[in-house]
Protein chains: 8
Amino acid sequence: MTPEYKIMSKPKIGIIMGSKSDLFVMQDAADVLKELGIGYEITVVSAHRTPDRMFSYAREAAGRGLKVIIAGAGGAAHLPGMVASLTHLPVIGVPIKSSNSIDGWDSILSILQMPNGIPVATVALNAAKNAGILAAQILSTADDAITKKLISYKENLKKKVEESASEMGDV
Amino acid sequence: MTPEYKIMSKPKIGIIMGSKSDLFVMQDAADVLKELGIGYEITVVSAHRTPDRMFSYAREAAGRGLKVIIAGAGGAAHLPGMVASLTHLPVIGVPIKSSNSIDGWDSILSILQMPNGIPVATVALNAAKNAGILAAQILSTADDAITKKLISYKENLKKKVEESASEMGDV
Amino acid sequence: MTPEYKIMSKPKIGIIMGSKSDLFVMQDAADVLKELGIGYEITVVSAHRTPDRMFSYAREAAGRGLKVIIAGAGGAAHLPGMVASLTHLPVIGVPIKSSNSIDGWDSILSILQMPNGIPVATVALNAAKNAGILAAQILSTADDAITKKLISYKENLKKKVEESASEMGDV
Amino acid sequence: MTPEYKIMSKPKIGIIMGSKSDLFVMQDAADVLKELGIGYEITVVSAHRTPDRMFSYAREAAGRGLKVIIAGAGGAAHLPGMVASLTHLPVIGVPIKSSNSIDGWDSILSILQMPNGIPVATVALNAAKNAGILAAQILSTADDAITKKLISYKENLKKKVEESASEMGDV
Amino acid sequence: MTPEYKIMSKPKIGIIMGSKSDLFVMQDAADVLKELGIGYEITVVSAHRTPDRMFSYAREAAGRGLKVIIAGAGGAAHLPGMVASLTHLPVIGVPIKSSNSIDGWDSILSILQMPNGIPVATVALNAAKNAGILAAQILSTADDAITKKLISYKENLKKKVEESASEMGDV
Amino acid sequence: MTPEYKIMSKPKIGIIMGSKSDLFVMQDAADVLKELGIGYEITVVSAHRTPDRMFSYAREAAGRGLKVIIAGAGGAAHLPGMVASLTHLPVIGVPIKSSNSIDGWDSILSILQMPNGIPVATVALNAAKNAGILAAQILSTADDAITKKLISYKENLKKKVEESASEMGDV
Amino acid sequence: MTPEYKIMSKPKIGIIMGSKSDLFVMQDAADVLKELGIGYEITVVSAHRTPDRMFSYAREAAGRGLKVIIAGAGGAAHLPGMVASLTHLPVIGVPIKSSNSIDGWDSILSILQMPNGIPVATVALNAAKNAGILAAQILSTADDAITKKLISYKENLKKKVEESASEMGDV
Amino acid sequence: MTPEYKIMSKPKIGIIMGSKSDLFVMQDAADVLKELGIGYEITVVSAHRTPDRMFSYAREAAGRGLKVIIAGAGGAAHLPGMVASLTHLPVIGVPIKSSNSIDGWDSILSILQMPNGIPVATVALNAAKNAGILAAQILSTADDAITKKLISYKENLKKKVEESASEMGDV
């Protein structure tokens, strides 16, 4: 394995992004996976500036034990779709509203509108947290421990809304 | 299990759509799952006209053994997101360019732009085939037989392109 | 009635929003109703994080004496449409340009483009004040006192424009 | 009352449209009101070609006993908003995708984006049926007979979906 | 003439806007007309809050000696089109990107997409200066003095670009 | 004068278009001018394929007695704006939804969004008829005969709507 | 050289497309190059279905003597950008409005919005003919024979417009 | 040669922009050309305010030894397309998101959507750096020294990504 990949014990999720400047968004994916106790690695892989690195990352991902790849990119965002073309693993795409982007429309359409045969599981603009949760849901289809954590996570979301409602009622 | 769900042996994927008129798109998901030998069920569940049915379908899905839900809808497409709010299973959303839709933009944005905590794995407009393949990829993370089929499926895509290229060369 | 709903004497209008962070917009609906002397309640109900709460809120609204529901939400805004599917009361939708939103387009289309059978009365982006006025207009169809207040409200709008015109003329 | 207004016994809803060519859409509003047993009138009122007629129609509507006005228009659709400026009655706007329209965007934005003080209850593109249902919902806030019909209407929508589901199950 | 209209000697151009808050844009029209020595008046006329005022303003404009009306408005911008429906004078519409506006798209489409028979001469978003120049061009079709000023104005534009070019060359 | 310009007695309006294929739209401008008894000429001038011809056409237009130029173009529609840069005459731009166009958005924005100093009076997509009427309105600022015809034209528009209303009332 | 590439004597331009179904558009590039006497090859290379083929095609292009690559693709169109990342040759991108595309917006933005460092020379939607002409212009910077042909080509465009103008004048 | 053009030894690339205020974007083109050792000139040429200057600049460019023209403009951006119509040299267009622009959409579509026969090589919004690189690529088709620099430039892009990846791995 290339040494610069950031490793936790048992990385099952690979988080990649087109540029280090995307980390302000993609960190959310790592954080939620850590919260759910799921091992991940995180690094920079550019489709356009390091195509060979992208090829070897995508081609070797399954062999290294990764189960899901989360790829974030902005503008003409080719990273998620190209990685999906190079592996049979499920790939989750995070459109990023970078400084180059036209209000995010370019990132969204470049990731979402993949041709028949090569899907990318696209989440909302800048929604790296949801990418992390979706990755956990995918693992949970064969992992009861993760399922329990996801159910608990959902329960917490509910409680926070109920607390907000209570606070409003007190006003 | 509600008797009207169309059943194959061992349904692991639930395919639902907002209206029977969406079947012309959603059939592609069923077809590719059949091609990959993965059991599915397919039925109509409307978020807006049958909200109770949607609730029970989503809430009972995991218990009935489903692993992934594919939900297609057009216009203000709430079905995928609402089902995702009601289950911890991964939900794949298929935006449909229905007659009511504004060039598909409404369907895409209604499905894609989910808030933090509740992801929907969105595929391209009308791309039910890719939804089926993505569901298979999700199952493949814990099923080597499906993995092999997906690798073979990808190989076939490649061969068809190469054949097209050969034909062009002959002209 | 769930205790956290904020209550005025005789609440006839229920104001709900997907997140407490939407209050900066939705407060305008409450303010104009207060100005018109119409009782309302206001709380947080999330379609995606508290679907059960949304179900019971919508299903019980008419029985609790509410006549109109105003629902605000951003991004993939499913709250207004789902509430409309669960009650026969008129539902007014307020698209909110939240931080997640793509310039508000997602909120607008997710609320506006409802299928046949389940209308949502959509107002302009962030236009919670207009949602409040529309709710008053609905009640006014059977309430002469509110009608008088609305006529007076319109008269005031006119006077403010005429004052602006006078000031310009003085310059 | 101007003699050309099409009259049913007890017209409570006024349906107007900018051009006779909009009737192919607006007829749906009339049909659903007839189905629900609610009296309506229907005619052509053009904001741009008959501004005086629009003024008198809107100004006299409440006096003639109308409770709700449904106004449909395409392109730079000013009719719903201008009528709303001239009456305190609730006005429902139907954006129409006319031959002049840019995919309906102009109609939608011209009707939806009303300034503070003058709301228009906007429904989906071409959704005159939903405009009719919304008008019925507004009347139902003070009319139990209409409430019962709306509940029954919703029940029928549900049954049709369930029938579709059954048919699919039979395949 | 209504006393609040701001008057210069021989007002030939009427500048109106939907709200006093639009003055930050519309002042540019007045300034360029002053620069070209053309008399104008400027005031607030709201299509939605003062429809009667709009009617009388538009209907009396020609009689008062106005030759061209410049109307600016934001959001669902009905003022230019409604004024055009009420007078035979040429009407120039200025779409304004107000705080309510969706990036200006609503203002542009509401003003531009007028139906056959009732044109509005639309200029660019916030381009009140161009509205003033266009009004001058219209008057110039029968006024050689204004023609000369316009030719001189164009000459000045050219000189400023050439100066910029010279400065760059010096760097 | 270049001999191929189509001439009526006393041409005051020049109608030009980027390609002969635009004639199906631009003919409407000629027809309404003929109906109003205003002399025009009509020809093809391409900004991109005949830039010299465009230069001489625009530069000579005022000298030849033209008072207004109507220019229609599709796609990256530069003709109206470039002609406006080359003459002090008012220029009316007609965005055309040609086969090359992206739903007309490119034509609209290329014509409308002119920089300060060089206005183009833009009308709706394909609205050549309105371009003709606007040209007549411009001439009418100094021509009472045209003013009368325009008032009569507006009267006819009104009558047609009233007839439609009558027919509906009879049903 | 891979045998299926369609070869003319001295191929300097490589024309590739994502799918054989794109040939109805891309043939125009070949035709105009033939008309200008410039050798080309044409074949199918899919970024998503044949990533290895794309890699070797792009990496070997310069070595095989190609000077410019023209790449057409629809939907999430990654082919032009990925090829540009793999070669130092200039790459011309042709956005194709395929059946999968959302009115072409996805193709345009996926090709145009490349990050700093990796340009793609993008032409208009479906404008393969212009891609061919641009390729010829690039070669012409070092080839006087092609320059002459391009000047003659431009002259022909002018003549056709002048003929259209003459025909109009005859009517 | 007009004296104000900024000259380096052997200018082969002409960089022009519609307004001096575009320099904050266009400077990037000059900087990258300087970095690659390619001579350029840079100046202001406005299509709308200095059409004659544009004509002579474009017509004389090839004769003065320029090989490629890079033209940047915002709003209704006619400069790149008009220059392309006036020369046989390849023209690279840079859409600029100026203060007048509607999120850049107007600039992009005005430059990109050129008709058949007159291509403009369009790069991403504000991507003047890529315009410079593309110009270098064009020259490199007949200049091995530039080819080597471009290969080295690409290599540097790769190294920077790999350094970012290393840094992440260290965290």
Side-chain angles (χ1 to χ4, degrees), chain A residues 12 28 32 62 66-68 84-93 95 104-105 108-109 111-143 146-158 160-161, chain B residues 12 28 32 62 66-68 84-93 95 104-105 108-109 111-143 146-158 160-161:
Chain A
K12 290 196 171 160
D28 288 348
V32 79
L66 294 179
K67 295 295 185 188
V68 181
S85 83
L86 290 159
T87 180
H88 61 271
L89 296 180
V91 174
I92 300 171
W105 292 112
I108 288 175
L109 293 175
I111 294 176
L112 183 72
Q113 285 293 104
M114 289 292 289
N116 270 340
I118 318 286
V120 167
T122 311
V123 294
L125 192 62
N126 281 359
K129 179 182 277 193
N130 272 358
I133 296 171
L134 180 57
Q137 288 177 313
I138 290 170
L139 294 187
S140 81
T141 59
D143 185 329
I146 297 177
T147 299
K148 280 179 193 159
K149 284 175 184 165
L150 284 168
I151 290 171
S152 163
Y153 187 88
K154 262 182 136 67
E155 194 63 25
N156 274 333
L157 291 176
K158 191 182 80 173
K160 280 180 197 155
V161 174
Chain B
K12 291 194 170 162
D28 287 349
V32 78
L66 292 180
K67 295 296 185 189
V68 180
S85 83
L86 291 158
T87 180
H88 60 271
L89 295 180
V91 174
I92 300 170
W105 291 112
I108 287 174
L109 293 175
I111 293 177
L112 183 72
Q113 285 295 101
M114 290 293 290
N116 270 340
I118 318 287
V120 167
T122 310
V123 294
L125 191 62
N126 282 358
K129 178 182 277 192
N130 272 357
I133 296 171
L134 180 57
Q137 287 177 314
I138 290 171
L139 294 187
S140 81
T141 59
D143 185 328
I146 296 177
T147 299
K148 279 178 193 159
K149 285 176 186 165
L150 284 167
I151 291 171
S152 163
Y153 187 89
K154 263 182 137 65
E155 193 63 25
N156 273 333
L157 292 176
K158 192 182 79 173
K160 281 182 197 155
V161 174

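Below, chains carry the letters A, B, ... as their sequence lines are ordered, and counting in each starts from 1.
- Contacts between L109(A) and chain B at a heavy-atom distance below 4.5 Å involve the side chain alone, from C-beta outward.
- Neither the backbone nor the side chain of P95(B) has a heavy atom closer than 4.5 Å to any heavy atom of chain A.
- Highest contact tally toward chain A, considering only A124(B), P115(B), G117(B), P119(B), is held by P119(B) [criterion: heavy-atom pairs under 4.5 Å].
- Ranked by heavy-atom pairs under 4.5 Å with chain A, the first of A62(B), S85(B), A131(B) is S85(B).
- More than 12 heavy-atom neighbours from other residues, nucleotides or ligands sit within 6.0 angstrom of NZ on K149(B).
- Only the backbone of A84(A) comes within less than 4.5 Å of a heavy atom in chain B; its side chain stays farther off.
- For K67(A), the parts sitting under 4.5 Å from any heavy atom of chain B are the backbone and the side chain alike.
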Might you work through the side-chain contact (heavy atoms from CB on, under 4.5 Å) test for M114(A) and V123(B), ending with a clear yes or no?
CA-CA 8 Å; M114(A) 289 292 289; V123(B) 294; over 6 Å; no

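- Side-chain contact check for D28(A) versus N116(B): every heavy-atom pair is 4.5 Å or farther apart.
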I'd like a table of donor-acceptor pairs (distance under 3.5 Å, sequence neighbours excluded) in which one partner is a side-chain atom from residues 133-141 of chain A, with atom names and distances.
from    : atom 1 : to      : atom 2 : distance (Å)
Q137(A) : NE2    : H88(B)  : O      : 3.3
S140(A) : OG     : Q137(A) : O      : 2.6
T141(A) : OG1    : I138(A) : O      : 2.7

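- The shortest non-hydrogen separation linking I108(B) to Q113(A) is CD1-OE1, 4.4 Å.
- The greatest number of non-hydrogen atom pairs below 4.5 Å with chain A, out of V68(B), T122(B), I92(B), is found for T122(B).
- Across T87(A), N156(A), D143(A), the residue that shares the most heavy-atom pairs under 4.5 angstrom with chain B is T87(A).
- The two residues K154(B) and L86(A) make their nearest non-hydrogen contact at CE-N, 4.5 Å.
- Of the listed residues I151(B), L157(B), L112(B), the one with more heavy-atom pairs under 4.5 angstrom with chain A than any other is L112(B).
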